[in-house]
*Asks:* 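Structure in structure tokens, see below.
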There are 2 protein chains.
Amino acid sequence: MPETTDSHEGEFRIEHPHRELLDQVLDKWSLSVLNELCERPCRFNDLRRAIPEVTQKSLTATLRRLERNGIVERSLLSSRPVAVEYRITPLGKTMRPPVEVLLEWVAAHMPEVERARRAFDDDGDDDGA
Amino acid sequence: MPETTDSHEGEFRIEHPHRELLDQVLDKWSLSVLNELCERPCRFNDLRRAIPEVTQKSLTATLRRLERNGIVERSLLSSRPVAVEYRITPLGKTMRPPVEVLLEWVAAHMPEVERARRAFDDDGDDDGA
DNA sequence: CGGTATCCTATGTGATACTG
DNA sequence: CAGTATCACATAGGATACCG
């Protein structure tokens, strides 16, 4: 074993560039956008309609960020009137399994987390008994 | 076979309470903290030393958030001088597999992402030819 | 030792208006 | 249609100082 000391199983350790990528692909609207794009290519306004809570500005920012990271691809379909289509890339599709695993963890443990939150919040409530 | 090939709807879909939990357990310092705590219980200043980039304030906030979600546990060891110990909970330990899967995805695809970023940034560089 | 309190800035996000 | 520009605001996070 030429590899050193840390043979202990994978950890929670993360370095900065990885952290940054994680923040960009898991940011507030990314998963909702990918959820649409993994079903079909979408026009900009298709996405707005599919995700009504997102503003134009945030949707644009999200798409640019995902495009820059190679997760989605933007194609100009015609120039007059402007028509643009967004598609998930092969790289983007590789995100599905890990994201699903994560989402399954969240769904599975949400009840336990909510119990913990209630316990914590109640303990904090020392309203002068 | 009731399952049509594209009945995989909602793979990236996430609802608000889930989104919020994800934000709290994957925030800037959480993984670094969990990385320490999954190896051993730590005092507050142990964590500061182990993660020198974090400020007191952010570390406190991170620990409180994780504690509230049931991911870490805080115990008062003695009162004078104050001694506190943080430990990962069983619930916290369940985060490891999904987080590892995620981190493996990041590590595996970082080179491709970086290529995409360079391509994107270069395209943006219309330096007026 | 293990925090709080305060101030400050940067960023994310929304609202709204405008444009090619 | 698919954005950009601008203003406004809330929050995250850092810097610093103080406290029991």
*Asks:* Does anything in residues 55-69 of chain A reach DNA chain D, meaning a heavy atom under 4.0 Å, and if so which residues?
*Replies:*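 The stretch gives Gln56(A), Lys57(A), Thr60(A), Arg64(A) as the residues lying under 4.0 Å from the strand, ordered by number.
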*Asks:* Do side-chain atoms of Ser78(B) reach the backbone of Pro81(B) as a donor and acceptor pair under 3.5 angstrom?
*Replies:*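 Yes, Ser78(B) side chain to Pro81(B) backbone: donor-acceptor pair under 3.5 Å.
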*Asks:* With sugar-phosphate meaning primed atoms plus P, OP1 and OP2, does Val84(B) contact a base, only sugar-phosphate, or nothing at under 4.0 Å between heavy atoms?
*Replies:*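 Contact class for Val84(B): sugar-phosphate only.
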*Asks:* I'd like to check the salt bridge (Lys or Arg N to Asp or Glu O under 4.0 Å) partners of Arg43(A); sequence neighbours left out, ordered by chain and number.
*Replies:*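 None.
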*Asks:* If you pin Ala83(B) and Glu53(A) to their nearest nucleotides in DNA chain C, which one's is more 5'?
*Replies:* Ala83(B)
*Asks:* Under 4.0 Å from any heavy atom of chain A: name the first and the last nucleotide of DNA chain C that qualifies, 5' to 3'.
*Replies:*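 Boundary nucleotides touching chain A, in 5' to 3' order, are dT13(C) to dG20(C).
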*Asks:* Can you tell me which residue pairs pass the ring pair (Phe, Tyr, Trp, His ring centres under 6.0 Å) test with a partner in residues 92-111 of chain A, sequence neighbours excluded?
*Replies:* Trp105(A)-His109(A)
*Asks:* By the 4.0 Å heavy-atom rule, please label Arg48(B) as base, sugar-phosphate, or nothing.
*Replies:*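 The answer is nothing, as Arg48(B) stays clear of every strand by at least 4.0 Å.
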*Asks:* Give me the bend of the helix from dC1(C)-dG20(D) to dG20(C)-dC1(D), using the axes of the five pairs at each end, rounded to 10°.
*Replies:*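 Inter-axis angle at the ends, rounded: 40°.
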*Asks:* OP1 or OP2 of dA2(D) versus the side-chain N and O atoms of Arg43(A): is any pair under 4.0 Å?
*Replies:*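 The answer is yes; a side-chain N or O of Arg43(A) sits under 4.0 Å from OP1 or OP2.
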*Asks:* Under 4.0 Å between a Lys/Arg side-chain N and an Asp/Glu carboxylate O for Glu15(B) and Arg19(B)?
*Replies:* no
*Asks:* Using a heavy-atom distance cut-off of less than 4.0 Å, which residues of residues 16-33 of chain B contact DNA chain D?
*Replies:* Lys28(B), Trp29(B)
